[in-house]
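Each remark here refers to the structure printed beneath this line.
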Amino acid sequence: MNTIIADTTEQGLAGTNKRPESMQRINTAELAEAFIAEQVKAVQAQVKDKKVLLALSGGVDSSVVAALLIRAIGEQLVCVHVNHGLLRKGEPEQVVRIFREELGANLVYVDAIDRFLDKLAGVAEPETKRKIIGEEFIRVFEEEARKLDGIEFLAQGTIYPDILESGPVKAHHNVGGLPEDMDFELVEPVKLLFKDEVRVVGRALGLPENMVERQPFPGPGLGVRCLGAITRERLECVRESDAILREEFERAGLAGKVWQYFTAVPDFKSVGVRNDLRSFEYPVIIRAINTIDAMNATIERLDYELLELITERITSEVPHVNRVLYDLTPKPTGTIEWE
Ligand code: XMP
C-alpha cells in the first residue's frame, strides 16, 4: 500500500498546514484508497470515541469529508444539513438520500427556509444579503449544535487552496463565527488536497458522479442569483430555470466541461406576448463561463441551437418568465455572479 502523508498519520492532520514535499499527487483510485486508509486511521486516533459535528452542504468538499468520516467513525459523526431555501432543485433531497439512506449517516436535516426568506424579505443590497445569509447560517447551526450532547470536534471541508490563498471562492468552508464556548477542535481530513484530488477521493468513497463533479456553487446559493430583494416567486424562477439549464448542459455533454453555468433573474418585468395576449413577466439571464482561478473568466461560446432549445423550455415551462438572455460579458468587466 502506498504511503501518502506518512509522517502525520499518528497525530492526524491537526496542526499540519503544509503539504509535505514528498506527498504524491492523488490521481488514481489506488492512491485515493491509500489516502483514505491513512486518514481513517488519523481521524480515529484524533477523535477516539468522541462526537464530531459537520455542516454538510452537499458541495464536493463537505460531502467528501462526510463520506470519509462515516467510514472512519460511523455514527460518532453528526451531519447537519441546513436547507436555507436557496439551494438548487433536488439538492436537499439528494443529500438526505445519499447520506442518510445510502451511507447510513447520522444526519440532522433542518428546514430553515421560512426563517431565511423572512430575514431576507425586502433586502436588496447584495453584501447585506450575503451577510444575513452567512449570519443566519451560523445561528441555525449553533442552535442545532446546542441540542446535541458531547460534541468535541468540528469537521470542515477545508482544502489546500483555502490555506494557500484567500481567493474569491474561499471562506464558505469555515463555520467560523460560532460563539467562544463552542470552541471545537477541528477535523480537516482533506485540507492538504487540491480540488481535483478531493474529487478522486470522493469517487473512491463511492459518491455519485454528479456530486463529485459539481460545479462551484456560492455559499449564499441562489440568493445572489435572485437579484435585488428576494421573493419566493422569483426564487422559483431561478431554481426552475437553473434546473432546465443544467439538464440541457448534461444532455449536450457540457456538464463538467464548462466551469460554471447558471441562471439569474432580475427584479424587473418586461412586456411580451403569450397565447395572443400581452404578458408582463420576468427575464431569465443565462451565464456560462470558463476560468482557471475565478479571477478572470471568458464566456462559453454556446451553440445557438442549444440556446434556442433552452429558451423554448424556460419560457414554456417556468411560470412568470417570458424572455431569456445570454450574458456575453467576460470577467472583467463583469463578475461571474451578478451580485
Ligand atoms: P465573482 O462573482 O466574484 O465569483 O466573479 C467568483 C467565484 O466565487 C463564487 N462566489 C462565491 N462563493 N460565497 C461563495 O462561497 C460568495 O458569497 C460568493 N460570491 C461569488 C462564484 O460563484 C464564482 O465561482
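The analysis underlying the following values was restricted to heavy atoms, covering all of them including side chains, and did not include hydrogens, waters or symmetry mates. Starting from 1, each residue takes its place in the sequence as its number.
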Give, for atom [atom1] of [X] and atom [atom2] of [Y], the distance between the pair rounded to the nearest 0.5 Å.
X      : Y      : atom1 : atom2 : value
Arg214 : Arg199 : CZ    : CZ    : 10.0 Å
Leu120 : Ile132 : CG    : CD1   : 5.5 Å
Glu75  : Ile70  : CD    : CD1   : 9.5 Å
Leu306 : Leu245 : CG    : CG    : 8.0 Å
Ile286 : Ile244 : CD1   : CD1   : 10.0 Å
Ile299 : Ile336 : CD1   : CD1   : 13.0 Å

Taking the side chain from [X] and the backbone from [Y], do they hold a donor-acceptor pair closer than 3.5 Å?
X      : Y      : value
Lys129 : Gly223 : yes
Arg234 : His320 : no
Glu337 : Arg225 : no
Asp303 : Glu305 : yes
Thr291 : Asn296 : yes
Arg239 : Gly85  : yes
Gln76  : Lys48  : yes
Thr311 : Val324 : no
Lys51  : Asp149 : yes
Glu142 : Leu178 : no

Mind checking whether [X] and [Y] sit in one hydrophobic cluster, side chains of I, L, V, M, F, W, Y counted as touching below 4.5 Å?
X      : Y      : value
Ile26  : Leu164 : yes
Ile285 : Phe217 : no
Leu207 : Phe194 : yes
Phe99  : Leu205 : yes
Val224 : Trp259 : no

Taking all atoms of both residues into account, what is the closest heavy-atom pair of [X] and [Y], and its distance?
X      : Y      : value
Ser62  : Ala55  : CB-O, 3.7 Å
Thr263 : Asp242 : OG1-N, 3.4 Å
Val78  : Ile151 : CG2-CD1, 4.2 Å
Glu197 : Arg19  : OE1-NH1, 2.7 Å
Lys89  : Arg246 : O-NH2, 3.3 Å
Ser241 : Val238 : OG-O, 3.2 Å

Are the charged groups of [X] and [Y] less than 4.0 angstrom apart, N to O?
X      : Y      : answer
Lys195 : Asp61  : yes
Lys50  : Glu185 : no
Arg287 : Glu339 : no
Glu209 : Arg203 : yes
Arg313 : Glu247 : yes

Exercise. After noting the C-alpha distance and the side-chain angles of Arg274 and Glu281, does the key distance pass the salt bridge (Lys or Arg N to Asp or Glu O under 4.0 Å) rule?
Worked result: CA-CA 10 Å; Arg274 192 184 288 281; Glu281 297 172 306; 3.2 Å; yes
Determine whether [X] and [Y] make a side-chain contact, defined as any pair of heavy atoms from C-beta on separated by less than 4.5 Å.
X      : Y      : value
Lys119 : Arg139 : no
Asp293 : Pro161 : no
Asn322 : Ser270 : yes
Tyr160 : Lys18  : yes
Glu248 : Leu309 : yes
Val52  : Val43  : no
Arg88  : Phe262 : no
Trp338 : Thr329 : no

For this session: Inspect the surroundings of CD in Glu250 and state if more than 12 heavy atoms from other residues, nucleotides or ligands are less than 6.0 Å away.
Result: no
Exercise. Counting only heavy atoms not in Asp276, do more than 12 sit closer than 6.0 Å to its CG atom?
Worked result: no
For this session: List the steps and the verdict of side chain to side chain contact (heavy atoms under 4.5 Å, CB included) for Ile36 and Val201.
Result: CA-CA 7 Å; Ile36 293 163; Val201 169; 3.9 Å; yes
Exercise. What do the steps show when you test Glu300 against Leu254 for side chain to side chain contact (heavy atoms under 4.5 Å, CB included), and what is the final call?
Worked result: CA-CA 10 Å; Glu300 172 75 13; Leu254 292 173; 4.2 Å; yes
Problem set entry | Gln94: partners by side-chain hydrogen bond (donor to acceptor under 3.5 Å, both in side chains), with sequence neighbours left out | Asn210
For this session: Return the orientation label for the Phe249 and Tyr261 ring planes: parallel under 30°, perpendicular over 60°, tilted otherwise.
Result: parallel
For this session: Just grab all the salt bridge (Lys or Arg N to Asp or Glu O under 4.0 Å) pairs involving residues 106-115, residues at least two apart or on different chains.
Result: Asp114-Arg232, Arg115-Glu136, Arg115-Glu143
Problem set entry | Evaluation steps, side chain to side chain contact (heavy atoms under 4.5 Å, CB included), between Asp196 and Arg25 | CA-CA 10 Å; Asp196 55 308; Arg25 192 92 187 171; 3.0 Å; yes
For this session: Please report the C-alpha distance between Gln46 and Leu186 in whole Å, then the side-chain angles of each, then the deciding distance to 0.1 Å, and finally whether the side chain to side chain contact (heavy atoms under 4.5 Å, CB included) criterion is met.
Result: CA-CA 10 Å; Gln46 186 189 2; Leu186 294 181; over 6 Å; no
Problem set entry | Sequence-distant partners of Glu101, side-chain contact (heavy atoms from CB on, under 4.5 Å), two or more places apart | Val96, Arg97
Problem set entry | side-chain contact (heavy atoms from CB on, under 4.5 Å) partner of His81, chosen from Val108, Leu87, Leu54, Val110 | Leu87
